[in-house]
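As structure tokens, the structure follows; a few thoughts come after it.
The structure presented is a predicted model; accordingly, all values stated were derived computationally and were not measured.
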Amino acid sequence: MESSLPDLEAILLVGGQGTRLRPLTLGTPKPLLPTAGVPFLAHQLARARSFGVRRIVFATSYKAAMFEPAFGDGSAFGLSLEYMTEETPLGTGGAIRNAAEALTSGPSDPVLVLNGDILSGHDIGDQVRTHLARRAAVTLHLTEVDDPTRFGCVPTDESGRVTAFLEKTPNPVTNRINAGCYVFTRSVIDAIPRDEVVSVERETFPGLIESGELVLGYADRSYWLDVGTPAAFVRGSRDLVLGRLGSPALPGATGEYLALDGAQVSVEAKVQGGTAVGARVVVGAGASVVGSVLLDDCVIEPGAVVTDSVVGTGARVCAGAVVHEAVIGDRAVVGPGNELQHGVRVWPDIALPERAVRYSSDV
């Protein structure tokens, strides 16, 4: 792609437990959850590759042993992958420092740092070139959000220099927030203390600013999503299937739905809104599935309604059940006549008997 970015190295932070996404993350780390038909990270790896990244070091902690079987040496992605595990979680800074042991870049080289739960459409190549041109210590991707009160905000001066890191506040001074993609100069990573719990947001970045180093903000308004909650996870998958965010890893054409091998969708079912239909999923006649993620081997019986929800691997939604903005755990059964709504989560292997949960009166 970019001749000016030869063989860029990256660190991918994938150590989190994904507690906000339970029960989906009880058996699978968040970055491996199927998203638009492939593990979430496949989209990040393919995008990084398109911007000239050739080698990625995974910083793993939670369920660390599951990552290498999923991605191997990276050759399928045209990448070289390494895996570094923290025995005890070290925070963002400690994780970056630990992973840096596997880097090959020199002290003045740029190193890309990606978070394993962010979908972003921004131009990584341009962020790296800006970093190099300005000789910054760190260049942070900043995204502009409509409601910055939910995030810490990151003010910059007219030259783009970051002036402070502000915690969440009811009256933010800017609508620009830390978007979780950093370009570090390698020597700055090496200065982070080893084997200590360090937060780049609370310690490293403010420390650099205080000591007069150039911490640069790279702001834009391209597609950006933190997939940490069930609603956001569903939205991310949906946006990829609909093509609102392009991904070289999408395993099929964009459209109303994407079906993997062996899926059986009845011609009399309504499946739309960017739904991802996993392998061997069965969707019966008269069923309606909108904007949802159906994981492998689940069954949506005739006449069931599933909207903006995740249905886990091998789970079953029985005839006449309604599932709206809900998470159904692996192998769970939602019996006929149940109505599940508003963020309810059904744990794996639970079987809800007929009409066990209702939101409306029984008519």
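Note: the hydrophobic cluster containing Val310 also contains Leu21 (ILVMFWY, side chain heavy atoms under 4.5 Å, direct or indirect links). Criterion: ILVMFWY side-chain heavy atoms under 4.5 Å apart, direct or through other members. Under it, Leu294 and Val334 are part of a common hydrophobic cluster. Follow the hydrophobic side-chain contacts under 4.5 Å out from Leu225 and you never reach Phe233; the two are in separate clusters. Val277 and Leu242 are members of different hydrophobic clusters when ILVMFWY side chains are connected at heavy-atom separations under 4.5 Å. Residue Leu166 is not grouped with residue Leu208 when hydrophobic side chains (ILVMFWY) are merged at heavy-atom distances under 4.5 angstrom, including chains of intermediate members.
Across Ile124 and Leu114, no two heavy atoms sit closer than the pair CD1-CD2, 4.5 Å. Between Phe71 and Leu81, the closest heavy-atom pair is CB-CD1, 3.6 Å. The minimum heavy-atom distance linking Ala249 with Val38 is given by the pair O-CG1, 3.8 Å. Across every non-hydrogen atom of Gly243 and Thr254, the tightest pair is CA-CG2, 3.7 Å. Considering every non-hydrogen atom in both Glu256 and Gly273, the closest pair reads OE1-N, 2.7 Å. The two atoms that bring Gly278 and Ala263 nearest to each other are O-CB, 3.6 Å, heavy atoms only.
Proximity of Ser247 to Arg47: side-chain heavy atoms (C-beta onward) are nowhere separated by under 4.5 Å. Inter-residue side-chain proximity for Thr174 and Val154 is flagged as unmet; no heavy-atom pair is nearer than 4.5 Å. Counting heavy atoms from C-beta outward, Ser292 and Val234 have side chains that stay 4.5 Å or more apart. Residues Asp239 and Arg235 are in side-chain contact: their nearest non-hydrogen atoms beyond the backbone lie under 4.5 Å apart. Between Trp224 and Glu144, the closest side-chain pair of non-hydrogen atoms is not below 4.5 Å. The shortest side-chain heavy-atom distance between His43 and Leu240 falls under the 4.5 Å cut-off. Between Leu140 and Phe165, some side-chain heavy-atom pair lies under the 4.5 Å cut-off. Residues Arg49 and Pro248 have side chains not in contact (no heavy-atom distance under 4.5 Å, counting atoms from C-beta outward).
For residues 302-321, every residue pair satisfying the side-chain hydrogen bond (donor to acceptor under 3.5 Å, both in side chains) rule, not counting sequence neighbours, is listed here: Arg238-Asp308, Glu301-Arg316.
Taking Thr185 as the reference, His131, Ser187, Val188 meet the side-chain contact (heavy atoms from CB on, under 4.5 Å) condition, with sequence neighbours excluded. Taking the salt bridge (charged side-chain N to carboxylate O under 4.0 Å, His left out) definition, one finds that Asp297 meets it with Arg280, sequence neighbours left out. In this structure, the salt bridge (charged side-chain N to carboxylate O under 4.0 Å, His left out) partners of Arg20, at least two apart in sequence or on a different chain, are Asp226. Partners of Tyr359 by ring-ring contact (aromatic ring centres under 6.0 Å, His included), not counting sequence neighbours, listed by chain and number: His342.
No donor-acceptor pair closer than 3.5 Å links the side chain of Asp349 to the backbone N or O of Arg331. Although no hydrogens or angles enter the test, the distance criterion places no donor-acceptor pair under 3.5 Å between the side chain of Glu354 and the main chain of Gly337. Looking at Glu339, its side chain does come within 3.5 Å of a backbone N or O of Ser360 through a donor-acceptor pair. Under a 3.5 Å cut-off, the side chain of Glu82 and the backbone N or O of Arg55 do not form any donor-acceptor pair. Checking side-chain atoms of Thr60 against main-chain N and O of Met84 turns up a donor-acceptor pair under 3.5 Å.
Using modelled atom types and a 3.5 Å distance limit, the side chains of Gln17 and Thr19 yield no donor-acceptor pair. A donor-acceptor pair shorter than 3.5 Å cannot be found between the side chains of Thr35 and Ser237. Between the side chains of Glu9 and Thr104, at least one donor N or O sits under 3.5 Å from an acceptor N or O.
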Please test Val290 against Ser288 for side-chain contact (heavy atoms from CB on, under 4.5 Å), starting from the C-alpha separation and ending with a verdict. CA-CA 7 Å; Val290 182; Ser288 167; 3.9 Å; yes

So Leu142 and Tyr218, side-chain contact (heavy atoms from CB on, under 4.5 Å) or not? Walk me through it. CA-CA 6 Å; Leu142 306 180; Tyr218 177 85; over 6 Å; no

Report the C-alpha distance between Leu12 and Phe67 in whole Å, list the side-chain angles of each, state the deciding distance to 0.1 Å, and finish with yes or no for side-chain contact (heavy atoms from CB on, under 4.5 Å). CA-CA 12 Å; Leu12 186 51; Phe67 287 91; over 6 Å; no

What's the verdict on side-chain contact (heavy atoms from CB on, under 4.5 Å) for Phe51 and Leu8, showing C-alpha distance, side-chain angles and the deciding distance? CA-CA 9 Å; Phe51 285 110; Leu8 187 62; over 6 Å; no

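A salt bridge does not link Arg186 to Asp109: none of the charged nitrogens lies less than 4.0 Å from a carboxylate oxygen. Taking 4.0 Å as the cut-off between side-chain N and carboxylate O, Arg194 and Glu101 count as a salt-bridged pair.
Classification of the Phe205-Tyr182 ring pair by plane angle, with boundaries at 30° and 60°, yields perpendicular.
Each of Ile11, Val200, Thr139 was checked for a side-chain contact (heavy atoms from CB on, under 4.5 Å) with Phe184, and the lone residue meeting it is Val200.
Residue Thr204 holds its OG1 atom at 11.5 Å from CZ of Arg202, rounded to the nearest 0.5 Å. Distance check: Ser120 OG to Asp220 CG gives 6.5 Å after rounding to the nearest 0.5 Å. The CG atom of Asp261 sits 10.0 Å away from atom CG of Asp296, with the distance rounded to the nearest 0.5 Å. The line from CD1 of Ile192 to CG of Asn98 is 11.0 Å long, rounded to the nearest 0.5 Å. For the atom pair OG1 of Thr156 and CD of Glu158, the computed distance is 9.0 Å after rounding to the nearest 0.5 Å. Atom NE2 of His141 sits about 9.5 Å away from atom CD1 of Ile177, to the nearest 0.5 Å.
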Give every donor-acceptor pair under 3.5 Å between a side-chain atom in residues 23-33 and any protein atom, sequence neighbours left out.
from, atom 1, to, atom 2, distance (Å)
Thr25, OG1, Gly18, O, 2.8
Lys30, NZ, Asp117, OD2, 3.1

